[in-house]
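Note on naming: letters A, B, ... go to the chains in the order of the sequence lines (proteins, then strands), and numbering restarts at 1 for each one.
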Amino acid sequence: GAGVSQSPSNKVTEKGKDVELRCDPISGHTALYWYRQSLGQGLEFLIYFQGNSAPDKSGLPSDRFSAERTGGSVSTLTIQRTQQEDSAVYLCASSSQPSGMEETQYFGPGTRLLVL
Amino acid sequence: QQQVKQSPQSLIVQKGGISIINCAYENTAFDYFPWYQQFPGKGPALLIAIRPDVSEKKEGRFTISFNKSAKQFSLHIMDSQPGDSATYFCAARGGKGSARQLTFGSGTQLTVLP
């Protein structure tokens, strides 16, 4: 595809419900990242996938958050038992040169999650 | 150790003026310093980036100045235009092991007045 795509673009859910956010990276990109952007804040790293390696989950804020990447392409971020503090924009990025010095991460438009 | 501090939080500049945004970091293991530009409703897009072995990089109206000893770097936008109005984020990439993620500053909302 032309760029990173994410769906849904907006999601409103009730506290306690589970949500799934989807990311389609740029075709051929081996690295995929999830970030969270709270209102008026910078981006916070959540998780990183690189090829078939074990993902770097060091940024996940709690065990309610999980992510998977199927077939080295599409990724799904799942938030269980959502809380109001989970409300944020969830951004996905992909890159083709994670080990290169000048790696460019290409970001999708994000999913705006609102937990009521 | 992983923090990147960015200032100012907001900036208003007249058209044709120079916009300057500053960032400071603590972790000397960071090995790559990109700046991202974000328009409302869009994801961030890479604007310009620099490696720590270079003191300055210029691309068109955008320049990064990098001071390794002070652990500071800044973005200069020359001849600022209303179309430059956006939020700008500095970032730093971890240089160890699998620490490939970017650590972002808190962002600067730039408004260029016509």
> Would a hydrophobic clustering, with Ile, Leu, Val, Met, Phe, Trp and Tyr connected at side-chain separations under 4.5 Å, put A:Val12 with A:Val19?
Replying inline: no
>> Is A:Ser53 in contact with chain B via its backbone, its side chain, both, or neither, using a 4.5 Å heavy-atom distance?
In response: neither
> Heavy-atom distance under 4.5 Å to chain A: side chain of B:Leu102, backbone, both or neither?
Replying inline: both
>> Please check if the number of heavy atoms outside B:Asp53 that lie under 6.0 Å from its CG is greater than 12.
In response: yes
>> Please classify the contact of B:Gln38 with chain A as side chain, backbone, both or neither, using a heavy-atom distance under 4.5 Å.
In response: side chain
> Which answer fits A:Glu44, side chain, backbone, both or neither, if we ask what part of it has an atom under 4.5 Å from a heavy atom of chain B?
Replying inline: neither
> Does A:Glu85 CD have over 12 foreign heavy atoms under 6.0 Å away?
Replying inline: yes
> Crowded around A:Leu116 CG? As in, over 12 foreign heavy atoms under 6.0 Å?
Replying inline: yes
>> Using only atom types and a distance under 3.5 Å, with no angle test, would you say the side chain of A:Tyr35 pairs donor to acceptor with the backbone of B:Gln101?
In response: no
>> Within the supplied structure, the quantity of interest is the number of heavy atoms (other residues, nucleotides, ligands) at a distance under 6.0 Å from A:Tyr106 OH; does it exceed 12?
In response: no
> Side chain, backbone, both or neither: which part of A:Leu91 has an atom under 4.5 Å from a heavy atom of chain B?
Replying inline: side chain
> Going hydrophobic residue to hydrophobic residue with side-chain gaps under 4.5 angstrom, can you get from B:Leu75 over to B:Ile50?
Replying inline: yes
> Between B:Pro44, B:Ala49, B:Ser106, which residue shows the highest count of heavy-atom pairs closer than 4.5 Å to chain A?
Replying inline: B:Pro44
>> Can you tell me which portion of B:Pro34 sits under 4.5 Å from chain A's heavy atoms? Options are side chain, backbone, both or neither.
In response: neither
